[in-house]
Amino acid sequence: MSPLAVVIADTHIPRRARTLPEGLTPYLERADLVLHAGDLMDPALLDQLAAYAPVEAVRGNMDPPGLPETLVLELGGVRVAMIHDSGPRRGRRARVRRRFPDARVVVFGHSHIPLLEDEDGLMLLNPGSSTDRRRQPRHTFALLHAEEGKARAEMLPL
């Protein structure tokens with residue numbers, strides 16, 4: 001079975017929700033890794049997530065100091081980069097490719113708009129928000145599977 005990362009962002013706890021949605025629990029229980037792309041707000045959330053699996057997180061614009069602005073890691077032989085705000089939609093793919101030239105996957109958040117685009121050897125993955133959907137029809141999160149240098153992701157509603 002390929003390594004599995006649960007990908008979340010923009011949880012805004014406790015401002016938008018007191019806790020993570022119960023619907024995430026079965027996925028967290030199966031996770032090999034949890035990726036949080038910023039705006040967690042309460043650092044205690046990292047400890048809660050770490051009860052399920054190791055956690056990697058970047059700092060969002062609503063987070064206290066302490067987390068890195070960017071992060072690059074390996075998952076199943078796949079180079080994954082993380083940043084909270086990837087900037088405007090226009091020019092995003094070229095911009096993140098320049099910033100993370102060796103990444104196969106770039107995980108980001110900030111917009112609360114779920115996005116999964118896998119083109120030209122670069123996957124862009126924004127899981128949306130599992131707690132603050134803003135103008136989106138559903139709360140969302142993503143799963144990232146990586147094995148032997150190959151990556152695939154799926155966006156899931158809550």
Side-chain angles (χ1 to χ4, degrees), residues 2-13 15-17 20-21 23-28 30-41 45-46 49 52-53 55-63 67-147 149-158:
S2 66
L4 173 67
V6 171
V7 184
I8 58 177
D10 299 293
T11 49
H12 294 273
I13 291 173
R15 182 181 282 175
R16 296 294 181 194
L20 290 171
L24 268 178
T25 302
Y27 299 96
L28 291 168
R30 295 184 3 234
D32 298 300
L33 181 66
V34 178
L35 301 177
H36 196 301
D39 277 1
L40 52 109
M41 292 185 68
L45 177 61
L46 297 174
L49 293 169
Y52 295 102
V55 180
E56 297 287 353
V58 293
R59 184 178 66 245
N61 57 296
M62 303 291 289
D63 291 329
L67 293 172
E69 179 184 333
T70 64
L71 190 62
V72 178
L73 58 103
E74 295 281 330
L75 176 67
V78 173
R79 184 158 296 221
V80 178
M82 292 176 58
I83 189 167
H84 178 62
D85 184 356
S86 66
R89 182 179 61 198
R90 185 173 185 180
R92 178 182 289 138
R93 181 169 290 279
R95 189 170 48 254
V96 299
R97 192 180 295 276
R98 281 191 305 273
R99 180 125 192 209
F100 305 107
D102 298 327
R104 167 68 179 94
V105 179
V106 176
V107 172
F108 63 98
H110 190 60
S111 69
H112 297 224
I113 300 171
L115 175 74
L116 173 54
E117 292 179 356
D118 193 358
E119 300 170 4
D120 301 323
L122 178 62
M123 178 188 296
L124 300 178
L125 179 58
N126 182 335
S129 175
S130 58
T131 58
D132 184 14
R133 63 184 176 85
R134 290 197 182 161
R135 293 171 295 281
Q136 301 306 304
R138 309 273 309 262
H139 295 103
T140 56
F141 70 103
L143 298 178
L144 176 61
H145 306 265
E147 187 172 31
K150 296 180 182 173
R152 68 179 175 84
E154 53 189 309
M155 193 70 60
L156 298 171
L158 286 166

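Side chains included, hydrogens not; waters and symmetry mates left out as well; all remaining heavy atoms used.
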Of all the heavy-atom pairs spanning Arg134 and Ser111, show the shortest one and how long it is. NH1-O, 4.5 Å

Any donor and acceptor pair, going by atom type alone, linking the side chain of Ser130 with main-chain N or O of His139 inside 3.5 Å? no

Only one of Leu144, Leu71, Leu33 passes side-chain contact (heavy atoms from CB on, under 4.5 Å) with Val80, and that residue is Leu144

Checking the side chain of Asn126 only, and the main-chain atoms of Pro114 only, is there a donor and an acceptor separated by less than 3.5 Å? no

Does the side chain of Phe108 come within less than 4.5 Å of Val96's, by heavy atoms? no

With Leu40 as partner, the option from Ile13, Leu46, Leu49 fulfilling side-chain contact (heavy atoms from CB on, under 4.5 Å) is Leu46

Please report the interatomic distance CG(Asp63) to CG(Leu45), rounded to the nearest 0.5 Å. 9.5 Å

Are the side chain of His84 and the backbone N or O of Ala37 linked by a donor-acceptor pair below 3.5 Å? yes

Show the nearest heavy-atom pair for residues Ala9 and Gly109, with the distance to one decimal. CB-CA, 4.0 Å

Tell me if the CZ atom of Arg95 is crowded by more than 12 foreign heavy atoms within 6.0 Å. yes

Can you tell me how far the CG atom of Leu20 sits from the OH atom of Tyr52, to the nearest 0.5 Å? 8.0 Å

Taking the side chain as everything from C-beta on, heavy atoms only, tell me whether Ile113 gets closer than 4.5 Å to Gln136. yes

Nearest 0.5 Å, please: how far is CG in Leu35 from CD1 in Ile8? 9.0 Å

Rounded to the nearest 0.5 Å, how far does CE of Met82 lie from CG of Leu125? 10.0 Å

Contact between Asp85 and Glu69 at the side-chain level, heavy atoms closer than 4.5 Å - yes or no? no

Donor + acceptor pair across side chains of Ser129, His12 (<3.5 Å): no

Quick check: do Arg104 and Lys150 have side-chain heavy atoms less than 4.5 Å from each other? no

Please check: side-chain N/O of Arg92 versus main-chain N/O of Gly87, any donor-acceptor pairing under 3.5 Å? yes

Testing Asp102, Leu73, Val106 one by one against Arg79 for a side-chain contact (heavy atoms from CB on, under 4.5 Å), which residue passes? Asp102

Min side-chain heavy-atom separation Val6-Leu143 under 4.5 Å: yes

For residues Leu116 and Met123, determine if any side-chain heavy atom of one lies less than 4.5 Å from a side-chain heavy atom of the other. yes

Would you check if Thr140 and Pro127 make a side-chain contact, meaning some heavy-atom pair closer than 4.5 Å? no

Counting N and O atoms only, with roles assigned by atom type, does the side chain of His112 sit under 3.5 Å from a partner on the main chain of Asp132, one being a donor and the other an acceptor? yes

Checking side-chain contact (heavy atoms from CB on, under 4.5 Å) between Leu67 and each of Arg59, Glu56, His36, which is the one that passes? Arg59

So, does Arg99 use its side chain to make a donor-acceptor pair with the main chain of Ser86 at under 3.5 Å? no

When rounded to the nearest 0.5 angstrom, what is the spacing between CG in Leu115 and CZ in Arg89? 9.5 Å

Do Arg93 side-chain atoms and Glu119 backbone N/O form a donor-acceptor pair below 3.5 Å? yes

Closest heavy-atom pair, Ala31 versus Ala53, reported as atoms and distance to 0.1 Å, is O-CB, 3.5 Å

Could you tell me the separation between the CG atom of Leu158 and the CZ atom of Arg133, rounded to the nearest 0.5 Å? 12.0 Å

Whether the side chain of Asp39 engages the backbone of Met62 through a donor-acceptor N/O pair (distance < 3.5 Å, no angle test) should be reported. yes

